[in-house]
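Everything below concerns the one structure shown next.
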Amino acid sequence: MLFAVRGALETLLQGELTSRGWSSLVRVEVPPRRDLGDLAWAGALALAKSLGQPPRGLAQELAQSLEAKLQQASGPLALLVPKVRVEGPGFLNFHLRRSAVISRALAEGLHAQEERPTKIIVEHTNINPNKAAHIGHLRNAVLGDVLARCLRFLGYPVEVQNYIDDTGVQVADVVVGFLFLPEPQLVEAARTVWPGVASRREVLQEFARRYREGELVNQALGEADFDDLCWQLYPQVTRWYEDEPQASAKKASVLHALEGGAPLGKSLDEAVAALVSGRGEAHDVARLGAAVAEANLRCHLLTMGRLGITYDVLPHESDILQRGFWQRAFALLQESGCIRKEAAGKNAGCWVMSLADSPEFAGMADADKILVRSNGTVTYTGKDIAYQLWKLGLLRDADGTCHDFGYVPFARFRQENPAAPVLYGEGPRILYRTSPDPSQKPAGASFGQGGKVYNVIDVRQSYPQKVVKEAVRALGYPQAAENSIHFAYEMVALTPKAVHQLEAQMGTSFGLSPEEEKKPFVEMSGRRGLGVKADELLATLVAEAQAAIRERLPQGEHPTDLPSRARDIAVGALRYQMVRQGKNRILAFDFAEALAFEGDTGPYLQYSAVRAKKIFEKLKQAGLAGTPQEDAKALTDTALPDDLWELAFACLRTPEVVEKAVASLEFSLLAGHARDLAQTFHNLYHRYPVLHAASDHERVLRRGVFRLFLLTITTILEQLLGIPVPQEM
RNA sequence: GCGCCGAUAGCUCAAUUGGAUAGAGCAUCUGACUACGGAUCAGAAGGUUCGGGGUUCGAGUCCCUGUCGGCGCGCCA
């Protein structure tokens, strides 16, 4: 609704200017303080210079003529008070008809939803399936999830992809651990999760059994899972590499086996039987690798599901290999002539793409990017180009059809409301994974071909992301290149203090160097086992939230829904922390800050929503709840005090804030907006009782504005930020 | 060396992308009614927006330059 008023006002202003032969940028803005007005135009200031006249005079002239027009206006402009003020150095300030605007909003809802045709793909999470997720992955997933939610709010069809690198060295490292790490070390790592195992054979058989029985993942938060076992194992393997001369050969052979793919017919039990008897072959190793990746993936899905994060499809690297995505992309790149094979020089024998023509890469010493190595294998960036082309619907076969995956259901799930935990196992929704057989196309399983693609990856991947974008451009798709967007954000790191707290808690040492001790933060590292695991942090948060609820409980009360309340608060605190600050700022993780529930935190926002809900519950009990229609009617011909209007107006700006947040990929704007709303509400809450208002008139005014607030804050929290609003706190 | 990012209150961060008096939280101090929940609210104190030039009606924001810190720039993934 505000959009409409602003648009109409801009058109009106434009008309006024052109009729006088003037030209100036016509952008209507919102003044910083409400007492200045609701909308403002600063164009007279710029105009004054080009015309050589004082800005206030110009503004005055325009104001008079605008007032005349507004008096007879209809449509959106009729929502403006036909009185235009000139203030400051020459701002034109406008006021809205307050009650009319609010009653319209109560009747129509937050924003009139317009369907937008462009399909948008958001790729996020993308955790290597070889160990538990840590808080760095959480920032990625939460930002990606909030982006997807905001895009849906704006009316776009959105597809969320979670890319699974199931054939890379990271998975290979863990497989090496299972097969070749000296037995005592393997057993030690495995026992942290499976206390009974005593040998390599038992570890592998236990894995196969649990895989078969579906016991690798615990629904209960806080129980150790398979990904926790890998978290222990992985650093052991990397340490072993350092002083084992044969390690790199083992690693290479496992990697090669993984790339060969797992046979369809063979079970993990059979593969493990072959491996423990020493008769294992490459495809048995591949089968084991696939199972390791799948088990970790299921753990990750559960971790993210606890935060209300869902996906539509899981593209697997193994399927990209099997389906020959790279071969197809390679052919397209050759046809377009944007890659060449080097005959001599340091890149002799490699296929390279030249970046020298792109301004983005100007000044680079070596502006060539190798896509195919001299041994004929493709680089990661090469595969990424192929994948990106598929996402954009540009990976075409010779006959012009899209080169595509097959798809098979991976899991069923349900989610009770937009911010509820995701329950895997059964439910109406299906999460698909890719398959190497393109004939597998279940009804409703159609993916890729996005008009716009957001890749959520941290800022350190900027260079390869630019190369991928450049390849799309070089293939002759400048528009698609523009629509390939790298959503870059800074990493999550640990303060040395946080590292020491971890050490104390786990009884180990990460051996920080003296230089690291002096730094403001230390990078997390799966290879060192250095990091805060996502599930562990959430479990700690839930425990703290539970303690906080108990503290506030009246004597003798024992609510049955305590676990779900605690969960909601923990998720709110965690998700808010991830979106609160700008994307370009390193998140230096601090336990005290993460566990805070007061002040600028998720629970503060949740509390404001719970309070607002409580007001309406009490009103209902007293038979005074009313309806939006009644409030709208009552508000129509009344003067609304400034402070109530301030809250209402801020609520109305929400769609504009979402639009801006998406355009700039700064979701801290949305978080800040929500906090401002909550803060304004809390203040009014103290000053303006609704149930015990002095008069019916006052009650209806407050009730109407608070109703709008409740609607707005609930939408922002549950629908956009994915933060649940508990019944009670 | 080249490129990207950051530097704002004691600490952690905002600031409608060039607008009007630079705002929050934490920490410190003071106060809040038999009222719909005190995870709250009101108030005090805290600032040469890293330094130096420039652009203009107007700069925390843009340009140049310097300092400090972080991260990229593989035939790794």
Side-chain angles (χ1 to χ4, degrees), chain A residues 29-33 36 40 42 44-46 48-49 54-55 87-91 93 128 165 168-170 172 317 346-347 349-352 360-366 369-375 377-381 383-384 458-464 488 490-491 493 519-521 523 545 548-549 551-552 554 569 580-582 584-586 588 590 592-593 596-601 603-604 606-608 610-619 622 653 656-657 660 663-664 666 668-669 671-673 675-676 678-679 682-693 706 728-729:
Chain A
E29 288 163 354
V30 177
R33 297 193 320 275
L36 293 166
L45 295 153
K49 201 204 171 188
E87 269 158 328
F91 290 96
N93 288 339
N128 268 308
D165 184 0
V169 290
Q170 300 235 30
E317 166 143 304
K346 69 181 174 98
N347 294 339
C350 299
W351 282 90
V352 304
E360 298 244 33
F361 297 90
M364 274 188 54
D366 180 6
K369 174 68 193 171
I370 293 167
L371 299 184
V372 180
R373 303 181 187 105
S374 53
N375 67 6
T377 57
V378 60
T379 61
Y380 177 83
T381 307
K383 278 182 275 190
D384 215 13
D458 83 63
V459 69
R460 290 171 293 184
Q461 297 296 321
S462 292
Y463 172 69
E490 264 293 357
M491 62 172 176
K519 286 185 172 184
F521 47 79
E523 199 178 336
I549 295 168
E551 264 174 41
R552 293 165 168 85
I569 291 167
R580 193 182 57 161
Q581 58 188 220
N584 289 334
R585 209 170 270 274
I586 293 170
D590 179 82
E593 207 176 311
F597 296 147
E598 291 172 15
D600 187 10
T601 65
Y604 176 85
Q606 292 171 310
Y607 191 52
S608 74
V610 169
R611 272 183 150 177
K613 257 205 297 201
K614 265 288 169 47
I615 293 176
F616 284 93
E617 275 170 28
K618 296 274 170 170
L619 284 172
R653 296 189 67 191
E656 169 200 341
V657 174
K660 196 170 286 177
S664 61
E666 277 296 4
S668 54
L669 293 175
H673 175 66
R675 193 206 46 236
D676 290 347
Q679 211 160 32
H682 276 310
N683 178 323
L684 294 174
Y685 175 90
H686 278 265
R687 283 157 52 206
Y688 294 147
V690 182
L691 184 59
H692 305 284
F706 287 175
E728 314 240 1
M729 287 182 71

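All values below were derived from every heavy atom in this structure, side-chain atoms included, with hydrogens, water molecules and symmetry-related copies excluded. None of these values were measured; they are calculated from a predicted model.
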(message) Within 90° of 0 counts as syn, otherwise anti: where does B/U17 fall?
(response) syn
(request) Using the C1' atom as the reference point in each nucleotide, state the distance between B/A59 and B/C63 in Å, no decimals. (result) 12 Å
(request) Please report the closest heavy-atom contact between A/N375 and A/T377, naming both atoms and the distance. (result) OD1-OG1, 2.7 Å
(message) Holding to side chain to side chain donor-acceptor pair (under 3.5 Å), I want the full list of residues that pass it with A/E666, two or more places apart in sequence or in another chain.
(response) A/S668
Atom pairs under 3.5 Å, N or O on each side, protein against nucleotides 19-23 of chain B: can you list them with distances?
from	atom 1	to	atom 2	distance (Å)
B/A20	O2'	A/R33	NH1	3.4
B/A20	N6	A/N93	OD1	3.4
B/A20	N1	A/N93	ND2	3.4
B/U21	O4	A/R33	NH2	3.2

(request) State which residues pass ring pair (Phe, Tyr, Trp, His ring centres under 6.0 Å) with A/F91; sequence neighbours excluded, sorted by chain then number. (result) none
(message) I'd like to check A/Q170 versus A/D165 (side-chain heavy atoms, cut-off strictly below 4.5 Å). Are they in contact?
(response) no
(message) Considering every strand and a 4.0 Å limit on heavy-atom distances, what is the contact class for A/S664: base, sugar-phosphate, or nothing?
(response) base
(request) Could you check whether A/N128 gets within reach of a base, just the sugar-phosphate, or nothing at all, counting any heavy atom under 4.0 Å? (result) nothing
(request) Would you give the length of the straight line joining atom CD of A/Q581 to atom CG of A/D600, rounded to the nearest 0.5 angstrom? (result) 10.5 Å
(request) To the nearest 0.5 Å, tell me how far A/E87 CD sits from A/N93 CG. (result) 4.5 Å
(request) Keeping the roles fixed (side chain from A/N347, backbone from A/C350), state whether a donor-acceptor pair exists under 3.5 Å. (result) no
For nucleotides 59-62 of chain B, print each protein N/O atom paired with a nucleotide N/O atom at under 3.5 Å, atom names and distance only.
none

(message) Less than 4.5 Å apart, side chain to side chain, heavy atoms only: is that true for A/F521 and A/M491?
(response) yes
(request) Treat primed atoms plus P, OP1 and OP2 as sugar-phosphate and everything else as base, then score nucleotides 67-72 of chain B 5' to 3': B for base contact with protein heavy atoms under 4.0 Å, S for sugar-phosphate contact only, - for none. (result) ---SSS
(request) Mind calculating the distance between CD (A/Q581) and C1' (B/A24) to the nearest angstrom? (result) 14 Å
(request) Using a 4.0 Å heavy-atom cut-off across all strands, classify A/G582 as base, sugar-phosphate, or nothing. (result) sugar-phosphate
(request) Could you give the distance separating B/G19 and B/A45 at their C1' atoms, to the nearest angstrom? (result) 29 Å
What are the atom names and distances for every N/O pair under 3.5 Å that joins the protein to nucleotides 44-47 of chain B?
none

(request) First locate atom OG1 of A/T381, then atom OH of A/Y463, and finally report the distance between them rounded to the nearest 0.5 Å. (result) 7.5 Å
(message) Expressed as a whole number of angstroms, how long is the span from A/E593:CD to B/U12:P?
(response) 9 Å
(request) Quote, to the nearest angstrom, the C1' distance that separates B/U8 from B/U61. (result) 12 Å
(message) Using atom P in both nucleotides, what's the gap between B/U48 and B/A35 to the nearest angstrom?
(response) 44 Å
(message) Which heavy atom of A/G90 sits nearest to which heavy atom of A/L45, and what is that distance?
(response) N-CD2, 4.2 Å
(message) I'd like the C1' distance from B/A15 over to B/A7, given in whole Å.
(response) 16 Å
(message) Going by side chain to side chain donor-acceptor pair (under 3.5 Å), name the residues that satisfy it together with A/E523, two or more places apart in sequence or in a different chain.
(response) A/R460
(message) So that I can compare with my own list, what are the stems of RNA chain B, taken as at least three consecutive Watson-Crick or G-U pairs with distances under 3.5 Å?
(response) B:1-7 with B:67-73, B:10-13 with B:23-26, B:28-32 with B:40-44, B:50-54 with B:62-66
(request) Can you tell me, in whole Å, how much space there is between the C1' of B/A27 and that of B/C11? (result) 8 Å
(message) How long is the straight-line distance from CZ of A/F706 back to CZ of A/R611, given to the nearest 0.5 Å?
(response) 10.5 Å
(request) Taking all heavy atoms of A/R580 and all of A/A671, pick out the closest pair and write down the distance. (result) CA-CB, 4.1 Å
(message) Between P on B/C13 and CG on A/D676, what's the gap in Å once rounded to a whole number?
(response) 19 Å
(message) Quick check: closest heavy atoms across A/A488 and A/V459, and the distance to 0.1 Å?
(response) CB-CA, 4.0 Å
(message) Which is more 5' along RNA chain B, the nucleotide nearest A/S374 or the one nearest A/A588? Just name the residue.
(response) A/A588
(request) Could you pull out all residues at least two apart from A/H682 that satisfy ring pair (Phe, Tyr, Trp, His ring centres under 6.0 Å)? (result) A/Y604, A/Y607
(request) Find the distance A/R580:CZ to B/C26:P and express it as a whole number of Å. (result) 11 Å
(request) Provide, to the nearest angstrom, the distance between the CG atom belonging to A/N584 and the P atom belonging to B/C13. (result) 13 Å
(request) Output all residues satisfying side chain to side chain donor-acceptor pair (under 3.5 Å) with A/D676, sequence neighbours left out; order by chain, then residue number. (result) none
(request) Classify every nucleotide of nucleotides 31-42 of chain B by which part a protein heavy atom approaches to under 4.0 Å, writing B for the base, S for the sugar-phosphate alone and - for neither, in 5'-to-3' order. (result) --B-BBBSBBSS
(request) Whole angstrom is fine here: how far is it from CG in A/D590 over to C1' in B/G25? (result) 14 Å
(message) A/T379: which residues meet the side chain to side chain donor-acceptor pair (under 3.5 Å) condition with it, sequence neighbours left out?
(response) none
(message) Would you measure the distance from the P atom in B/C26 across to the matching atom in B/C4 and give it in whole Å?
(response) 38 Å
(message) If I take atom CD from residue A/Q606 and atom CE from residue A/M729, how far apart are they, to the nearest 0.5 angstrom?
(response) 5.0 Å
(message) Any non-hydrogen side-chain atom of A/L371 less than 4.5 Å from a side-chain atom of A/V378?
(response) no
(message) What's A/G672 touching, base or sugar-phosphate or nothing? Going by heavy atoms closer than 4.0 Å.
(response) nothing
(request) Determine whether A/L669 and A/S664 make a side-chain contact, defined as any pair of heavy atoms from C-beta on separated by less than 4.5 Å. (result) yes
(message) What's the gap between B/A39 and B/G6 when it is taken at their C1' atoms, as a whole Å value?
(response) 33 Å
